[in-house]
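Heads up: the structure comes next, in C-alpha cells.
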Amino acid sequence: NEKFKGTRFFLDTKILLRILGFSFPYYTDTAKELLELIQKEYGGIACVLRHTIKEIKHALSLAESDLNQKRPIKNYEMNFHHKQSGFTSEDYKIAQDSVEQRLREEFSISFEEDHDLNDGIVRSHFIDTDKLEKYLKTNNSDWSNNAVTNDVSSINHINIERKGRYDVKF
C-alpha cells in the first residue's frame, strides 16, 4: 500500500456521478468504496480535472432538460436515480451548482487545473489528440462526441503529467 501513498488518482465523470449518488445503489456504493480505498487504504489523492467537472454539470443539465421537456432522462442511471429519489428538474439544476462544493467538502476530492496548452514544455508532452479522438470514435461509435473529447483531454493531461514517461510514479 505504501507504493500508492500520495499518488493522484484521476476520477472520470461516470465514477464521480456515482459517488455523488446519481445511479443505482450498488453502483454508488461501489464507487464510494473505491474512493475510500484510494484515500484511506492506499493514502492516495482522488482528483478531478476541470473539464470533467464541466462534463458532470453537462450530464446533470441534460437530466434537467429532459425533465423540463416531460420526457424520461436518457441516461439510464440518472433516470433510475430520478425515479427513486423523486428529483425534479429544479433539483438537478441545484445539483449542477453544488457539484464542486460537494466533491470538495463531502468527498475530499482535489481539483486539478487543466494545463496551458500554449506552454512549450507542456506542448512537448502533448499527444496527437486528433488521431486518438478519431481512433476512439471509430472504435466506439456509441460514445458521444463530448465523452470522447473529454476522455482524450484526460489522457492528454495524464501524459503531460508523466512527461510522456510511464515508468515513473507521479
Side-chain angles (χ1 to χ4, degrees), residues 1 4-117 136 140 142-162 169-170:
N1 293 351
F4 294 113
K5 190 173 181 83
T7 299
R8 290 179 295 163
F9 291 81
F10 291 91
L11 304 177
D12 201 11
T13 304
K14 185 156 300 270
I15 292 210
L16 290 165
L17 282 167
R18 290 172 177 174
I19 287 169
L20 290 165
F22 297 107
S23 187
F24 304 101
Y26 174 78
Y27 289 169
T28 60
D29 291 346
T30 48
K32 288 176 183 177
E33 187 177 324
L34 172 65
L35 180 63
E36 187 172 319
L37 190 67
I38 289 168
Q39 294 173 327
K40 294 183 179 155
E41 185 74 20
Y42 293 146
I45 303 163
C47 299
V48 62
L49 297 168
R50 285 283 165 198
H51 67 265
T52 304
I53 294 295
K54 289 178 189 169
E55 190 176 24
I56 292 167
K57 289 181 177 185
H58 179 70
L60 293 167
S61 74
L62 290 175
E64 174 193 8
S65 176
D66 286 342
L67 291 177
N68 281 335
Q69 294 177 29
K70 308 279 191 254
R71 61 181 183 216
I73 297 172
K74 287 180 190 141
N75 178 300
Y76 70 95
E77 290 183 39
M78 197 106 47
N79 194 47
F80 175 85
H81 171 267
H82 158 68
K83 288 178 179 178
Q84 291 300 109
S85 69
F87 255 47
T88 65
S89 61
E90 183 59 30
D91 292 324
Y92 284 106
K93 173 67 177 131
I94 292 167
Q96 291 170 60
D97 296 337
S98 65
V99 164
E100 293 179 58
Q101 181 180 0
R102 286 191 64 207
L103 289 174
R104 268 195 190 101
E105 294 176 10
E106 289 179 43
F107 302 105
S108 301
I109 294 178
S110 296
F111 287 67
E112 294 272 330
E113 297 301 323
D114 292 330
H115 291 291
D116 176 5
L117 300 180
L136 290 174
N140 303 284
D142 56 325
W143 292 7
S144 74
N145 287 338
N146 192 39
V148 170
T149 300
N150 280 297
D151 285 350
V152 168
S153 293
S154 295
I155 292 166
N156 193 39
H157 182 95
I158 292 167
N159 192 68
I160 291 166
E161 288 288 317
R162 289 182 172 276
K169 177 182 152 186
F170 70 102

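The chain is numbered in sequence order, starting from 1. Computed over heavy atoms, backbone and side chain alike; hydrogens, waters and symmetry mates excluded.
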Checklist entry - Just by distance, do the side chain of D66 and the backbone of K74 share a donor-acceptor pair under 3.5 Å? => result yes
Checklist outcome for this item: Distance col, row F80:CZ vs T28:OG1, nearest 0.5 angstrom, shows 9.0 Å
Checklist entry - Who passes side chain to side chain contact (heavy atoms under 4.5 Å, CB included) against L62, sequence neighbours left out? => result H58
Next on the checklist: I'd like to know if the side chain of S153 reaches the main chain of T149, judged simply by a donor and an acceptor atom lying under 3.5 Å from each other, with no hydrogens or angles considered.
Outcome noted: yes
Item to check | Reported CG-to-CD1 distance for the pair N150 and I53, which is rounded to 0.5 angstrom | outcome: 11.0 Å
Checklist entry - Can you check whether F107's main-chain N or O pairs, donor with acceptor, with Q39's side chain at less than 3.5 Å? => result yes
Item to check | Distance in Å, L37 CG paired with F9 CZ, rounded so as to fall on 0.5 Å steps | outcome: 8.0 Å
Item to check | Shortest non-hydrogen separation from A63 to M78 and the atoms involved | outcome: CB-CG, 3.8 Å
Item to check | L16 to L11 - nearest heavy-atom pair and separation | outcome: CD1-O, 3.5 Å
Item to check | E100 vs R50, salt bridge (Lys or Arg N to Asp or Glu O under 4.0 Å): CA-CA, chis, key distance, verdict | outcome: CA-CA 10 Å; E100 293 179 58; R50 285 283 165 198; 2.7 Å; yes
Item to check | Closest heavy-atom pair and its distance - G6, I45 | outcome: O-CD1, 3.6 Å
Checklist outcome for this item: Rounded to the nearest 0.5 Å, the CD atom of E55 sits from the CG atom of L17 at a distance of 8.5 Å
Next on the checklist: Has R102 got a side-chain atom pairing as donor or acceptor with L20's backbone, closer than 3.5 angstrom?
Outcome noted: yes
Next on the checklist: Would you say that L60 contacts F22 through its side chain, given a criterion of any heavy-atom pair below 4.5 Å between the two side chains?
Outcome noted: yes
Item to check | Gap between atom NE2 of H51 and atom CD1 of I56 - 0.5 Å precision | outcome: 10.0 Å
Checklist entry - Do D12 and D151 touch side chain to side chain, with heavy atoms closer than 4.5 Å? => result yes
Next on the checklist: On a heavy-atom basis, which atom in N68 and which in S89 lie closest, and how many Å separate them?
Outcome noted: OD1-OG, 2.8 Å
Checklist entry - Quick one: CD on E112 to CZ on F10, what's the gap to the nearest 0.5 Å? => result 4.0 Å
Item to check | Verdict with reasoning, L103 to F111, per side-chain contact (heavy atoms from CB on, under 4.5 Å) | outcome: CA-CA 9 Å; L103 289 174; F111 287 67; 4.1 Å; yes
Item to check | Taking every non-hydrogen atom, the tightest pair across A46 and L35 | outcome: CB-CD1, 3.4 Å
Next on the checklist: I need the minimum non-hydrogen distance between H81 and Y92, along with the two atoms involved.
Outcome noted: ND1-OH, 2.8 Å
Next on the checklist: The test is side-chain contact (heavy atoms from CB on, under 4.5 Å); show your working for K93 and Q96 and say whether it passes.
Outcome noted: CA-CA 5 Å; K93 173 67 177 131; Q96 291 170 60; 4.1 Å; yes
Checklist entry - When you look at NZ of K54, are more than 12 heavy atoms from neighbouring residues, nucleotides or ligands closer to it than 6.0 Å? => result no
Checklist entry - Are side-chain N/O atoms of D91 and T88 paired as donor and acceptor at under 3.5 Å? => result yes
Checklist entry - Is S144 reaching over with its side chain to a backbone N or O of A147, donor-acceptor style, under 3.5 angstrom? => result yes
